[in-house]
There are 2 protein chains.
Amino acid sequence: MALVSIPSNMDRTGREAAEDADGGRARAGELLGEVVTRRLRDDILEGRLRPGERIRQEAVARELGASRIPVREALLQLENEGLVSLAPYSGARVAKLDFAEYTELYRIREQLEPLAIAESAPRLSDEAIAQLRHLMLQIEQTRDPATWLALDRRFHLASYAAAPMPRLLKMIEGFWNSTQQYRRAFYAAVSAPRDGPLAGDQPLTVVEHRLLFDALERRDPLDAEAILRSHIRRTQLTLAGRQEVFDE
Amino acid sequence: MALVSIPSNMDRTGREAAEDADGGRARAGELLGEVVTRRLRDDILEGRLRPGERIRQEAVARELGASRIPVREALLQLENEGLVSLAPYSGARVAKLDFAEYTELYRIREQLEPLAIAESAPRLSDEAIAQLRHLMLQIEQTRDPATWLALDRRFHLASYAAAPMPRLLKMIEGFWNSTQQYRRAFYAAVSAPRDGPLAGDQPLTVVEHRLLFDALERRDPLDAEAILRSHIRRTQLTLAGRQEVFDE
DNA sequence: CACCCTCGTTTTGGATACAACCTCCGCGCC
DNA sequence: GGCGCGGAGGTTGTATCCAAAACGAGGGTG
């Protein structure tokens, strides 16, 4: 019952830029509720809190040395991000998507992420391209499922980051977070042993990433958009094919 | 400084189904924070609270006979809906979109609402069609800007309602809420006097609604999708053409 | 043996009280 | 006259405390 990870700085799987660096300690002039939010969000995304698991306000508060007020704020925030579901007087649970909700989210992603990449591609700096290339190569050499997951996420989000649409980018990040549990379950189920070959849909993903990167390097919005749309659709179908990921 | 409307049941412009009927009083077993949320949201959407106006927790709490705790809950909720912007220790203000954010939201709507109507069209019940026809006819006969706005909103949201994608529908409603201030300003600026002819883009909108309704009556997803996409795009351009709506 | 009702415990929702921080107005300085 | 600054007042953030509702164990009943 690892409610909130104590220090647990994780392995961090080679994140150099560290977009979301410190998940635990308070930043300067930051509200307590935001600290709690980040902590709980990380715990959910990293799988330390399982879907359906109950989150007790008092326990979280004690563990962080705060009162329940900031915890409630954090839970509200996370509910709006779709990571937690609240029921009045009944408490908070880590959100759990059923198959229909999962499909819905992918349909939405299929509309929004192509838009994001089309707006981003022509605006990518040379540094951003270099960073994307680096991430792509790292992904191809990774065997560990958790690392693969983290890098894949960073690759895609970085490919959208130049789009001048902050609200869209926030929404997309939220979708990645909400569906993370299934990607984790999927890669945990299919991935091969250390030093083995890539498994599951990883070989196909590698090819798609290569194509996507090529389009991005050319700053070609139409091409990138088309490849990405097909990539998202194929990924959705692949996960959906693994029914065991959805029941438990 | 009408912070929160006292009783003010509004004119309600002939809402029979009353989806969001009671904006003020508490429903059975409802959390206080949700009451506050609905109240503030209505105040913002109906224009009683102006964009940029400050919202003081204490004032809202006193006016509703509650403490500040539920008010804070409501403000967080509304921030996530994009209707309020919060700054730590500095307070809450009614959110105000600049032109770039406004454009961004329309780009997103242009992707999501066609998806929603394509999923909804084949699933519309005969009753829903009848309701849509009724709304369409009401819109054509309305001259009052506020009524036009409310009916137009109901018409479009009703046309999506049969889509089995609850999260998508919630998002779309949020976009309508966020951009409401500009639609209001636009129709307030262009609309003709009582008993005059339709003004501004209203004649074109009437034609588009007729085409859209025809496609919906046939339950034709592709046709509805195409018409809606063009309708959204034209609306965005029309509003953007009226620069005076954006500066003040 | 399964189901339902009851009552105590636990947990959440909300109010009050206190501490941290910002806002804003007036003053001094350039 | 405009700009920066500092303190008083006010607003927000958080902790503590009380009320209300859900959860669960235990016993009774069909």
Side-chain angles (χ1 to χ4, degrees), chain A residues 1-4 24-41 43-44 49-80 83-96, chain B residues 1-4 24-41 43-44 49-80 83-96:
Chain A
M1 203 246 291
L3 244 174
V4 169
R25 211 154 316 289
R27 297 169 188 171
E30 192 186 31
L31 258 39
L32 244 176
E34 300 174 33
V35 180
V36 180
T37 304
R38 269 210 317 282
R39 185 87 166 241
L40 285 174
R41 179 165 41 220
D43 282 346
I44 293 172
L49 288 171
R50 298 290 175 80
E53 191 171 337
R54 192 163 175 185
I55 303 176
R56 265 175 261 269
Q57 302 177 0
E58 184 63 38
V60 177
R62 262 208 321 270
E63 192 138 8
L64 289 175
S67 85
R68 277 171 44 219
I69 301 282
V71 175
R72 291 183 51 168
E73 259 188 52
L75 291 175
L76 277 176
Q77 171 67 27
L78 292 172
E79 187 197 27
N80 288 314
L83 291 179
V84 156
S85 61
L86 293 175
Y89 291 106
S90 167
R93 294 179 174 280
V94 178
K96 189 174 175 179
Chain B
M1 203 247 291
L3 245 174
V4 168
R25 211 154 317 289
R27 297 170 188 170
E30 192 186 31
L31 257 40
L32 204 44
E34 300 173 34
V35 181
V36 180
T37 304
R38 270 210 315 282
R39 184 87 166 240
L40 284 175
R41 180 165 40 218
D43 282 346
I44 294 173
L49 288 172
R50 297 291 175 80
E53 190 170 337
R54 191 162 175 186
I55 303 177
R56 265 173 258 269
Q57 302 176 2
E58 184 65 38
V60 177
R62 262 208 320 270
E63 190 139 8
L64 290 174
S67 86
R68 277 171 43 220
I69 300 281
V71 175
R72 291 180 55 99
E73 255 186 59
L75 291 176
L76 273 176
Q77 171 67 27
L78 292 172
E79 187 197 28
N80 287 312
L83 291 178
V84 157
S85 60
L86 293 175
Y89 291 106
S90 167
R93 293 179 175 279
V94 178
K96 190 173 173 179

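Within every chain, numbering begins at 1; the chains are lettered A, B, ... in the order of the sequence lines, protein sequences first and strands thereafter.
- Contact annotation for B:Glu34: no contact, since no heavy-atom pair falls under 4.0 Å across all strands.
- Distance, A:Leu75 CG to C:dT12 C1': 11 Å, rounded to whole Å.
- Here the C1' atom of nucleotide D:dG13 and the CG atom of B:Leu76 are 12 Å apart, to the nearest Å.
- For the atom pair B:Arg93 CZ and B:Arg56 CZ, the distance stands at 8.5 Å (nearest 0.5 Å).
- Below the 3.5 angstrom threshold, one finds no donor paired with an acceptor across the side chain of B:Arg68 and the base of C:dG14.
- Ionic pairing of A:Arg38 and A:Glu30 is present here: one or more N-O contacts between side-chain nitrogen and carboxylate oxygen are shorter than 4.0 angstrom.
- Remark: C1' of C:dC21 and CG of A:Leu32 are 14 Å apart, rounded to the nearest angstrom.
- In this entry the distance linking OH of A:Tyr89 with C1' of C:dT12 reads 8 Å, nearest Å.
- With rounding to whole Å, A:Glu58 atom CD is found 14 Å from C:dG13 atom C1'.
- Here the closest non-hydrogen pair linking A:Leu40 and A:Ala74 is CD1-CB, 4.4 Å.
- Listed nucleotides D:dT14, D:dG13, C:dT12 differ in distance to A:Ile69; the shortest reach to its side chain belongs to D:dT14.
- Following rounding to the nearest Å, B:Ile55 (CD1) and C:dT23 (P) show an atom-to-atom distance of 16 Å.
- Between D:dT16, C:dA15, C:dG13, one nucleotide has an atom nearer to the side chain of B:Ser67 than all others, and that is C:dA15.
- When rounded to the nearest whole Å, the span between CZ of B:Arg56 and P of C:dC24 equals 8 Å.
- Using a 4.0 Å cut-off, some side-chain N or O of A:Ser90 falls inside it from OP1 or OP2 of D:dC23.
- With rounding to whole Å, B:Arg54 atom CZ is found 10 Å from C:dC24 atom C1'.
- Separation of atoms CZ (B:Arg72) and CD (B:Gln57) is listed at 5.0 Å; rounding is to 0.5 Å.
- Contacts of A:Ala66 with the nucleic acid, taken as non-hydrogen atoms under 4.0 Å apart, involve only primed sugar atoms and P, OP1 or OP2.
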Point to revise | From CA spacing to verdict: side-chain contact (heavy atoms from CB on, under 4.5 Å), B:Gln77, A:Asn80 | key: CA-CA 7 Å; B:Gln77 171 67 27; A:Asn80 288 314; 3.1 Å; yes
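- Between B:Arg72 and D:dG13, a side-chain N or O to OP1/OP2 separation shorter than 4.0 Å is present.
- Comparing A:Pro88 and B:Pro88 against DNA chain D, the residue whose closest nucleotide sits nearer the 5' end is B:Pro88.
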